[in-house]
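Note: hydrogens, waters and symmetry copies are ignored here, and every other heavy atom, side chains too, is used. Throughout, protein chains are lettered first and strands after them, A, B, ... in sequence-line order, and every chain is numbered starting at 1.
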Number of protein chains: 2
Amino acid sequence: MTDFQSDGEGSRIPLELYKKLAAQGNQVRVLKTEKADKADVEAAVQLLLKLKMEYKAVTGEDYKPGCPPSDNSVLQEDPPSANNEEDFVDPWTVSSSSASGVDYDKLIVRFGSSKIDQELVDRIEKAIEQKAHRFLRRGIFFSHRDMHQVLDAYENKKSFYLYTGRGPSSEAMHLGHLIPFIFTKWLQDVFDVPLVIQLTDDEKYLWKDLTLEECHHYAVENAKDIIACGFDVNKTFIFSDLDYLGSSPGFYSNIVKIQKHVTFNQVKGIFGFTDSDSIGKISFPAIQAAPSFSTSFPQIFKGRKDVHCLIPCAIDQDPYFRMTRDVAPRIGFPKPALLHSTFFPALQGAQTKMSASDPNSSIFLTDSAKQIKDKVNKYAFSGGKDTIEEHRKYGGDPDVDVSFMYLTFFLEDDDQLEKIRQDYSSGALLTGELKKYLIETLQPLILAHQEKRKEVTDEMVKEFMTPRPLDFSY
Amino acid sequence: MTDFQSDGEGSRIPLELYKKLAAQGNQVRVLKTEKADKADVEAAVQLLLKLKMEYKAVTGEDYKPGCPPSDNSVLQEDPPSANNEEDFVDPWTVSSSSASGVDYDKLIVRFGSSKIDQELVDRIEKAIEQKAHRFLRRGIFFSHRDMHQVLDAYENKKSFYLYTGRGPSSEAMHLGHLIPFIFTKWLQDVFDVPLVIQLTDDEKYLWKDLTLEECHHYAVENAKDIIACGFDVNKTFIFSDLDYLGSSPGFYSNIVKIQKHVTFNQVKGIFGFTDSDSIGKISFPAIQAAPSFSTSFPQIFKGRKDVHCLIPCAIDQDPYFRMTRDVAPRIGFPKPALLHSTFFPALQGAQTKMSASDPNSSIFLTDSAKQIKDKVNKYAFSGGKDTIEEHRKYGGDPDVDVSFMYLTFFLEDDDQLEKIRQDYSSGALLTGELKKYLIETLQPLILAHQEKRKEVTDEMVKEFMTPRPLDFSY
């Protein structure tokens, strides 16, 4: 990390950093134009990334070329993430001070969930009579609430259903968005249960400067990417809140029930709402909670109140469901169970998650093979050493290396992954080679997704999104 | 009024009053059993009513036989209504210190609405080419917002629609509930415009200790009384929120739009919500606002955004629509116009409005002829003197006399009403005789209502409550 001196005038430090960043950005461009050594270019890029991270830690803002820091960007004496080693996780913000990302064991303690341990993974494998998904094997889905109860019910031939969702804030979906859907599809296949998928277009309208029509449009577009993950139309209902709330007295009834039993004090405590927030935001959590209750889908569950719900989601969504679990017994429903995933790291490092609002942090599902290659090569934060000699001697750090982290998500073969880990740690495998493995893993994956998405017709979308019975009897 | 002395121990005064009330209640019973002179009985009853009003003013609670005042019922040094001459009006509470009721001219100033003056009444008569309804002639509908603009539009052949509603908190509807519906029916007839009627079963669920099913049931039952007022099914849509919200994406979309543009601070200021209120209550005002916008009813208005809305309602509902008028331009809709009515006084006096939760304050639409007679005779607060001699000499006070007030609502003939006023003021007309006029006015009215209600079939209710186009083209 570059030294920077505190000169007592806090607001000048961000400006110094900004100037350094601008200079380094230019340097990278020059090196590329001059077709300098690849290693030199990469080193310059890495320095640029490091400066960007410092800038963010100091100012709380992302570095944007052409946008000097505002007067508000003063040096924070005690930035919560840098000094307190406090990870910050809520549904709208995820950040960590550590390059290896959020400390998930601490988060389990803080949130009061339970670790998905080997015993639970074994139990799942026994119930489904096959190997557990790599996400479970590798601790990507790492935490749960009440999963043992779901398995108890399943083993007693009692059904459950799956519920997951997406906030359709733009058409641009990225790799990180796929994680819950990949896992949920696997759960649907191995347990053979119904699935509902909520697209919270109303939420995005309430939170963002978008029109209702834009949010609804994003919902329908995102549905195509979700369908391309391979869900079974006869077992899956995908719905836009704006459409479904206005088509289902059952859904609205549950929303009102939940809203009656949650106070403003409670949502203030859970979500940090304030008096200047809109009444739409304040009451929205009830809408994300309501699909946890089977009477929200009378066309599927025929009025049954007692069908348990299992929610695979990223851990930052947990607050919604802590609230839901608190309300459930008071309104006569079983508490939903949860399976929580870790965050998909941003390209520039696991301090934050990949985010569509920051295009350089993301690999989009619409990226070309070249874009994937360039993004990984240019932006994926490396745990390798600055020079080949040092790297051979000391090895790389897979715990902070974003390319390696992505391989844990997407490389199917456990043995191959382990070998890569060992070789990278020892220095036998270079950063460039590691990145090549990743690129060769991601390119076919994303290409295949694009092909499948092309095959999704408007009629298919309409079918998935029409309230109708599914192939299960209740 | 009976003297009562402040002895410095505030809590003993309510107890003294309570004992006096109990004694007077006994006295009345004794007189009736002994078949004493009617005038004596009536005088005793009047004294009882006066004591009850004192008790309420002092303790803030209704006198209940067998329920001595709680320790909280201390003499308030400065009860807001008694000393400040402050009328209290919000959607949940209406009270006045004055026996003649709320000072409506002051309320107009406080709320910022406009008086319905003779000029406006004349203009209405000109537009509809007939005499204005007695409610307009007599200042029962006394205040408005933007009625001149509605008439401008109407005179330019631009349509408007009517919107009114009811909170279905029980099956028991009383005379006071009929007032907005009687007037709205007249408006529908003379202007020939569509009408939507909202039954806020969700609101009652949120505010009361009732189940959703109970609230919905009350909504359907109340719809029968509303239909019995004579609305034209081809021009009227009656809807339960619980049904319609879950059947209309247009309605839900407008609710979300409104919710995005109203903050908790605003509803705190307007409605007095607090942090311990449920998120359901906090967001409910958007649901009462949304029918003011024509795109909430796409089946009626075919997506037109610009159809003006006119809302006849009691003045205590105005806060909802001040909020609505504030939001409307920000979301691209015209502001709804309003016609406000005064309150229908409680039997025991115009300090409060008739309320179903206080059966002795109310004449219910289900009351028999005998019940009507007994209630008026026993409970209707009299502006007459305690003895016939005094009454002949000094006359009665029609401004505080509840029976006379009721006649202003229900006696059609202006001249007859004026004669009664003069004769009562002069003492020529006795209380008993005045009450007889009222009884003979109310009995046929309520009987006719009951007959019409009997003719309302479940099929008719279903038709009124089914979202469908009305006999107007847009």
Distance from [X] atom [atom1] to [Y] atom [atom2], nearest 0.5 Å?
X	Y	atom1	atom2	value
B:D277	A:I282	CG	CD1	11.5 Å
A:S283	B:I255	OG	CD1	10.0 Å
A:D201	B:S253	CG	OG	9.0 Å
B:I258	A:S278	CD1	OG	12.5 Å

A:L212 versus chain B, the contacting section by heavy-atom distance below 4.5 Å: side chain
A:D243 versus chain B, heavy atoms under 4.5 Å apart: side chain, backbone, both or neither?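 Looking at A:D243, just its backbone touches chain B.
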Regarding B:D202 and A:Y252, do their side chains bring together a donor and an acceptor under 3.5 Å, going by distance alone? yes
Atom NZ of B:K302: over 12 foreign heavy atoms under 6.0 Å: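 Enclosed.
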Minimum heavy-atom distance B:I279-A:A286, with the two atoms named: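 Residues B:I279 and A:A286, closest heavy atoms: CD1-CB, 4.3 Å.
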Check A:S276 against B:T263 and note the closest heavy-atom contact, atom names and distance.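 That closest heavy-atom pairing would be O-CG2, 3.5 Å.
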Quick one, A:K257 with B:Y205, criterion side-chain contact (heavy atoms from CB on, under 4.5 Å). Give me CA distance, side-chain angles, the key distance, then yes/no. CA-CA 8 Å; A:K257 281 184 187 173; B:Y205 170 74; 3.4 Å; yes
Please confirm whether the backbone N or O of A:K260 pairs with a side-chain atom of B:K281, one donor and one acceptor, at under 3.5 Å?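 Side chain of B:K281 to backbone of A:K260, a donor-acceptor pair under 3.5 Å: no, none is there.
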Side-chain donor/acceptor of A:K268 to backbone N/O of B:D275, under 3.5 Å: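 Side chain of A:K268 to backbone of B:D275, a donor-acceptor pair under 3.5 Å: no, none is there.
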Among A:F264, A:Y244, A:W207, A:F273, residue most engaged with chain B (heavy-atom pairs, under 4.5 Å): A:F264
Looking at B:S247, B:P249, B:S248, B:G246, which one has more heavy-atom pairs under 4.5 Å with chain A than the rest? B:G246
Of B:G280, B:P285, B:G250, the largest count of non-hydrogen pairs under 4.5 angstrom with chain A goes to B:G280
Part of B:V256 lying under 4.5 Å from any heavy atom of chain A: both
